[in-house]
Enquirer: 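Have a look at this one before I ask anything.
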Amino acid sequence: MTVRAATPPWTADEMMTVTAARMLWNGCVCFVGIGLPSAAANLARLLHAPQIVLIYESGTIGTRPEVLPLSIGDGELAETAGTVVPLPEIFAYWLQSGRIDVGFLGAAQVDRFANLNSTVIGPYDRPQVRLPGAGGAPEIAAHARQVFVVLKQSARSFVPKLDFVSSGGFLTGGGARRLCGAPGAGPQAVITDYGILKPQPGSDELALVARYETVTAADAVKATGWPLVVAEQLEVLAPPTAAELEVLRALHARTQIAHSRPVKLPV
Amino acid sequence: MTVRAATPPWTADEMMTVTAARMLWNGCVCFVGIGLPSAAANLARLLHAPQIVLIYESGTIGTRPEVLPLSIGDGELAETAGTVVPLPEIFAYWLQSGRIDVGFLGAAQVDRFANLNSTVIGPYDRPQVRLPGAGGAPEIAAHARQVFVVLKQSARSFVPKLDFVSSGGFLTGGGARRLCGAPGAGPQAVITDYGILKPQPGSDELALVARYETVTAADAVKATGWPLVVAEQLEVLAPPTAAELEVLRALHARTQIAHSRPVKLPV
Amino acid sequence: MPVVTLGEAIASYVRDGDSVALEGFTHLIPFAAGQEIIRQGRRGLHLIRMTPDLVYDQMVGAGCAARLTFSWGGNPGVGSAHRIREAIESGWPQPLAISEHSHAGMAAAYTAGAARLPFGILRGYIGTDLATVNPAVRAVTCPYTGERLATVPALNPDVTILHAQKADRAGNVLISGILGAQKEAGLAARKLIVTVEEVVDDLGAPMNAVVLPHWVVTAIACVPGGAWPSYARGYYSRDNAFYIAWDEVSRDRARFTDWIARYVLGTPDFNGFLARLRADGVGP
Amino acid sequence: MPVVTLGEAIASYVRDGDSVALEGFTHLIPFAAGQEIIRQGRRGLHLIRMTPDLVYDQMVGAGCAARLTFSWGGNPGVGSAHRIREAIESGWPQPLAISEHSHAGMAAAYTAGAARLPFGILRGYIGTDLATVNPAVRAVTCPYTGERLATVPALNPDVTILHAQKADRAGNVLISGILGAQKEAGLAARKLIVTVEEVVDDLGAPMNAVVLPHWVVTAIACVPGGAWPSYARGYYSRDNAFYIAWDEVSRDRARFTDWIARYVLGTPDFNGFLARLRADGVGP
């Protein structure tokens, strides 16, 4: 017996976080970015995946933070890590070496072949909006065995053509990725506030394969900047359970308190 | 007023060690090999160069051993080091980066251009004597700002042609080294049991520039497998002082005791 | 290896037009050094840093920089680095040329720099436009497999500035915690300046800790709190509230300019900076 | 990540013809593992090690090896590795093909292997015959400076075997002291076996210590003393007397063969090996 409501008792972020967390398995080695991916990975750790291995690009391996980091290098990540290694080592020995099961990425824009833009809106030389840039994403996208993308869906973020390719997904589709020398399988799921998109065999084009029960496929198509393919068998995702929401909200609450603690320098 | 005797009250090894030690200065960064170079470098540290920086290829930086190591990686080197780094780092960040003032090498054979053989006597494929090999020497010879070679002089070790070039000195001479891309200045002194040989400007050929007062230039020429050039101004090296011998012999005595201590495993 | 004031270190070793890397990956960011460079009015710097966040937002906004080499530029967990954005988007206070990499590429470039190799290799930039817009990203062919691999030119800054927990009286430096590419950036540089929380008799470093020997360090300045609002493990934690507050301060040219004038240009040194923040009730 | 006996680990993960790296640079040399490989009669191995000293002298003399990749092979501070010498000089007990490098080249090859790059670069082998006799040493041209640099193919052993101080119950491994290329050799391998002095509840590792996480380790065996006659920092020191004595034992075929038969083949495991040495009054 599930609740159905126009405005359910959880936020879109919570729904996305819970959905992403459910896709991670116990023991999975996960290369985590800040924000929603970090929340999802730690939620999974606190729920069904206690042995998940979380790696942040700051060099913290096997970290188990009590509260979510605001930055990729918060002290909490180091203090609770199994080991902390130099940053060049993280990218060479741990990511490029093919040891990452799941790389978790966000972006400003995604296209139908799951290529990502986190660099610039408008021309690179005369940007309308200069974004922070790629950071670790290009090599996470290339080397992780699979990549999960988490991004709210809208015609402005799900675009027919990226202004800039920061991280390669399936490039031009149709197997182009396999020819380019990227070792990983690429983006295997895009988790949005409408549901889950996955690349279709052969074309590599993203299709809506699952939706939240609060939305329709038509809603998702409307929120996409290209004619979105919808799978014939469209799965309906179970809503967050009370347990999932409780653990997630407690995590955010702990985080809130920790981050608002005033810092005093030893004078 | 100096003692002159056929058999002086010190050994050839002691004379060579003291002579080599005198060539090291306070604060000099020295990449040290096992054996006589290690004894000389530590003698210098205990005498006139307390701030000498000793680096062994095992990764020990700024080490100050109480006793001489038998191996390049004795525990004593690590316990008394300023820091201990991985071996790949020693060769990449510390040697190749050009941070070494003096590299100290031995060898089985040397030729007139101070190229060294520590690999094989006879043909490489059908060796008469297979030697241990080059180890760290090829890159020490290439990258140290200058190289000191320590080797007892004889027609068998000072040869007209090496059986194998393990480490490049001045190659074919006449400035050939500068053309080959080796950043360091190469061997600037060969310290033997007859005296000191140095490369001559222009030709790069080794010439006897100093002798111990217990030998003649003719002795040194006879102990060389090629027609050894003798400098017109032939310096006579001062014999070891009582203080030098006392410190060196105490160091060897301490070392002897430490190395003969029986090892017991915790059962 | 002299222990000097931060003012002396910057005056002696940082020149207009230098390539300067202030490293520290969210941890041990040399904020005090960055502000002293602003205070001394350096111009035309080529700033190098994997994550130009607030420290370079301040330096770029204050007009110190002509070029930026970087791989991610923002306010971590908060949003944009507004001053860097405005310099790139509209050339205020002056145009900022950029050389943009991925983290893996920058790390390889520092590593090559520390090893004094002319370039680093990685299996990187695959299928991205970064390789297109940055002509420094090139390729070599593996002499064994024929595979094409990306290359980046070595980074060898004129000056690298780091903040560390401790130095001993001889000038040996201990860094512990999140290390970023600090060791590589430090060893890649022609000159290395280190600010530290304290100078001690004995580093008490574990055998395999990251220690920079005194003979690779050009100068040390003791600047307690010098990494604030970032953090120094064992001394103070990250001031997330300041990072959040900076979003407002930096969003507006005038407000930013006033902030720099009052707290950086208007104070003699880092202690003066902290004192004024505290006097205004916004200090750590 | 299972904790097993050394016998089980070798039986399960080391096969005839494998490329096997037993690393440890004078410190933490996995002697017990090398002897267990002899005991189990492995043949045709490609042995890889920067410094094939006594551990490989024993394995080569016992007939385990068909090929050796190395950069220095001797008895440190004593002289020759007589068994390796005789295999190379006169093919006893069987011919030994060699692939010879410098230390810097081997280190670059392991580093490339750990990073899963096909090759490593160094400014090395300049003016030496090593580059002539080893066809694996090649060159690339820098795409920025035009400089020619030496290359070595990545080393990715089928199995790397290390000895470490500690593992915890989850299988995380702590290595401290002289590190050699152990981390690189371990991460470059397809399978990683680690013998340890003890298994503990808590590694108590400093934050930046060298820790190999359980999920990169294939198997762990607890073998106290397993690095003897080399040493394990914090547990026992190097048995220099054994290294010196080995010169006599290994100089003569028959004497070596008797030694292997009595102490290795004639004992069920490493504890048996130590017990017999002690019974004969030559044990540690």
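Naming: A, B, ... by sequence-line order, numbering from 1 per chain. Basis for what follows: all heavy atoms, side chains included, without hydrogens, waters or symmetry-related copies.
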Enquirer: With only heavy atoms counted, which part of B:Val129 is less than 4.5 Å from chain D, the side chain, the backbone, both or neither?
Expert: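 Both parts, backbone and side chain.
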
Enquirer: Answer with side chain, backbone, both or neither: which region of B:Glu89 has an atom nearer than 4.5 Å to a non-hydrogen atom of chain D?
Expert: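 Nothing of B:Glu89, per the 4.5 Å heavy-atom cut-off to chain D.
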
Enquirer: Starting at CD1 of B:Ile72, measure out to OG1 of D:Thr51 and round the result to the nearest 0.5 Å.
Expert: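 OG1 of D:Thr51 is found 10.5 Å from CD1 of B:Ile72.
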
Enquirer: Name the region of B:Ser260, side chain, backbone, both or neither, that has any atom closer than 4.5 Å to a heavy atom of chain D.
Expert: neither

Enquirer: Would you check, one step at a time, whether the test side-chain contact (heavy atoms from CB on, under 4.5 Å) holds for D:Thr26 with B:Asp74?
Expert: CA-CA 7 Å; D:Thr26 64; B:Asp74 277 18; 5.8 Å; no

Enquirer: Side chains of B:Ser71 and D:Arg238, heavy atoms from C-beta outward: is any pair under 4.5 Å?
Expert: yes

Enquirer: Is chain D contacted by the side chain of B:Pro262, its backbone, both, or neither, given a heavy-atom distance below 4.5 Å?
Expert: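 Looking at B:Pro262, nothing touches chain D.
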
Enquirer: Most heavy-atom pairs under 4.5 angstrom with chain D, which of B:Pro86, B:Ser167, B:Ala142?
Expert: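 Heavy-atom pair counts peak at B:Pro86.
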
Enquirer: Could you go through D:His103 and B:Glu139, starting from their C-alpha distance and side-chain angles, then the distance that decides it, and tell me whether this counts as side-chain contact (heavy atoms from CB on, under 4.5 Å)?
Expert: CA-CA 8 Å; D:His103 280 347; B:Glu139 283 71 34; 5.9 Å; no

Enquirer: Would D:Thr132 and B:Phe164 count as a side-chain contact (heavy atoms from CB on, under 4.5 Å) if you check the C-alpha gap in whole Å, the side-chain angles of each, and the deciding distance to 0.1 Å?
Expert: CA-CA 10 Å; D:Thr132 317; B:Phe164 188 93; over 6 Å; no

Enquirer: Tell me, side chain or backbone of B:Leu70 under 4.5 Å from chain D's heavy atoms, or both, or neither?
Expert: both

Enquirer: Quick one: what part of D:Tyr110 sits under 4.5 Å from any heavy atom of chain B, side chain, backbone, both or neither?
Expert: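 Neither the backbone nor the side chain of D:Tyr110 comes within 4.5 Å of chain B.
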
Enquirer: Tell me, for B:Pro183 versus chain D, whether the close heavy atoms (under 4.5 Å) come from the side chain, the backbone, both or neither.
Expert: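 Just its side chain gets close to chain D.
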
Enquirer: Heavy atoms only, distances under 4.5 angstrom: which of B:Pro132, B:Ala78, B:Gly168 has the most pairs with chain D? Name it, please.
Expert: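 Heavy-atom pairs under 4.5 Å are most numerous for B:Pro132.
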
Enquirer: Between NZ of B:Lys264 and CG of D:Asp239, what distance do you get to the nearest 0.5 Å?
Expert: 8.5 Å

Enquirer: Report which part of B:Thr119 has an atom under 4.5 Å of a heavy atom belonging to chain D: side chain, backbone, both, or neither.
Expert: side chain

Enquirer: With only heavy atoms counted, which part of B:Ala134 is less than 4.5 Å from chain D, the side chain, the backbone, both or neither?
Expert: both

Enquirer: Would you confirm whether B:Tyr124, through its side chain, and D:Val133, through its main-chain N or O, come within 3.5 Å as a donor-acceptor pair?
Expert: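 Looks like no, no N/O pair under 3.5 Å.
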
Enquirer: Can you tell me if B:Gln96 uses its side chain to pair, donor with acceptor, with the backbone of D:Arg123 under 3.5 Å?
Expert: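 At least one qualifying donor-acceptor pair exists.
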
Enquirer: Measure D:Met50 against the heavy atoms of chain B and call it side chain, backbone, both or neither at under 4.5 Å.
Expert: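 For D:Met50, side-chain heavy atoms alone lie under 4.5 Å from chain B.
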
